[in-house]
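Structure incoming, see below.
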Amino acid sequence: MKKIIVLIVVYCISAVTYSQNDSVKVEKTISAWKFEVTPYAWLAGSRGTISFLDESANVDAKFKDVLSNLKFGMFMHGEAKKGKWIVFGDLVYIAAEKTGKIESTNTNTTIELKQTLAEIGSGYNLFATLDNWLLIDALAGLRYFEIDNFVNDGQQLNLDKTINVTDPFVGIRFRTVSDQWINGARIDVGGFGIGSKISWKANLLVGYQFSELLSVSAGYQAYGIDYEKDSFGLNLISSGFATGLNFNF
């Protein structure tokens, strides 16, 4: 009888110890930082209007037009996660140049366009199913937009105009995880008259995870801004196919 009691006590101690060790492992997993770095391509065209005083001009630049005159492009997204908290950043930079002749004056003209879209923000997981099939995150942050236009006809500088604006934004993101498939959708709105009148960003992505380290995603992304200041106005929407490689560690 004594031997049985001793065995029961030993078993109970072992079970409690194992449970404590398992809890420690879970806590470490939950509290550990997870990082994701995503170089990507955004095949975006732009459309809208640019206005100054009483004059306005339509913008209709397809991606193939941007690509044929592209000098440099950089697209990068990064995230850090710990528990329910998320910190993220995103950068889009495009520099394009086109040279040609104005037939009426027979002069060579160079047009340069540089566009920067950068954001930094944080998020919090509002909802997650037990199996993490569905996750809903609230997002907030700051977004910087800059567009630089330069026109030179070879004799004089006709235009050298830079617009830059910093917008606060709030948004929501949905993610689903099923086996190797990782899908996501995001929409946000910003500006509120602080920087631009209004700006927004939305995307819908489908992803496939090949390993713990590597996954690939593809989908559609759009960004819009309505800006007006000092008699200058810009109403622009950039949208197109997006794809990237996600490195997780």
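Side chains included, hydrogens not; waters and symmetry mates left out as well; all remaining heavy atoms used.
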* State which residue, out of Thr129, Leu126, Asn125, Thr176, fulfils the side-chain contact (heavy atoms from CB on, under 4.5 Å) condition with Leu135. =>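 The option that passes is Asn125.
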Enumerate, atom names and distances included, each donor-acceptor pair closer than 3.5 Å involving a side-chain atom of residues 237-245, sequence neighbours excluded.
from	atom 1	to	atom 2	distance (Å)
Ser238	OG	Ser46	OG	2.8
Ser239	OG	Tyr220	OH	3.1
Thr243	OG1	Ser217	O	3.0

* Does the separation of the ring centres of Phe247 and Phe35 fall below 6.0 angstrom? ->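 Centroid separation for Phe247 and Phe35: 6.0 Å or greater.
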* **Main-chain N/O of Ile225 paired with Trp200 side-chain donor or acceptor, under 3.5 Å** =>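 The answer is no, because no donor-acceptor pair under 3.5 Å joins these two groups.
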* Asked: Mind checking whether Asn58 and Thr49 have side chains closer than 4.5 Å, heavy atoms only?
  ->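 Yes, side chains in contact.
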* Can you see which heavy atom on Ile86 is nearest to which on Glu79, and at what distance? =>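 Taking Ile86 first and Glu79 second, the nearest heavy atoms are CG2-OE1, 3.9 Å.
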Side chains of residues 184-195: which donor-acceptor pairs under 3.5 Å do they make with residues two or more places apart or in other chains?
from	atom 1	to	atom 2	distance (Å)
Arg186	NE	Asp188	OD2	3.2
Arg186	NH1	Glu119	OE2	2.9
Arg186	NH2	Glu119	OE1	3.3
Arg186	NH2	Glu119	OE2	3.1
Arg186	NH2	Asp188	OD2	2.7
Asp188	OD1	Arg143	NH1	3.2
Asp188	OD1	Arg143	NH2	2.9
Asp188	OD1	Lys201	N	3.4
Asp188	OD2	Arg143	NH1	3.2

* Do Glu146 and Tyr144 have a side chain donor and acceptor closer than 3.5 Å? ->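 A donor-acceptor contact under 3.5 Å links the two side chains.
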* Asked: Short question: side chain of Ser211, backbone of Leu214 - any donor-acceptor pair under 3.5 Å?
  ->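 Here the side-chain-to-backbone pair exists.
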* To do: List the atom of Lys114, the atom of Tyr93, and the distance in Å for their closest heavy-atom pair.
  =>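 Taking every non-hydrogen atom into account, CD-OH, 3.7 Å.
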* Backbone N/O of Ser196 and side chain of Asp167: donor-acceptor pair under 3.5 Å ->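 Checked: pair present.
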* Relative to the ring of Phe88, is the ring of His77 parallel (under 30°), tilted (30 to 60°) or perpendicular (over 60°)? ->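 The arrangement is parallel - the two ring planes meet at less than 30°.
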* Asked: Within a strict 4.5 Å, meaning less than it, do heavy atoms of the Leu236 and Val59 side chains meet?
  ->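 Side chain of Leu236 against side chain of Val59, heavy atoms only: contact under 4.5 Å found.
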* Asked: How about Asp148 and Thr162: does a side-chain donor come under 3.5 Å of a side-chain acceptor?
  ->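 Result is yes, a qualifying pair exists.
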* Check the angle between the aromatic planes of Phe210 and Tyr208 and answer parallel, tilted or perpendicular using the 30° and 60° thresholds. =>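 Geometry flag for Tyr208 against Phe210: perpendicular rings.
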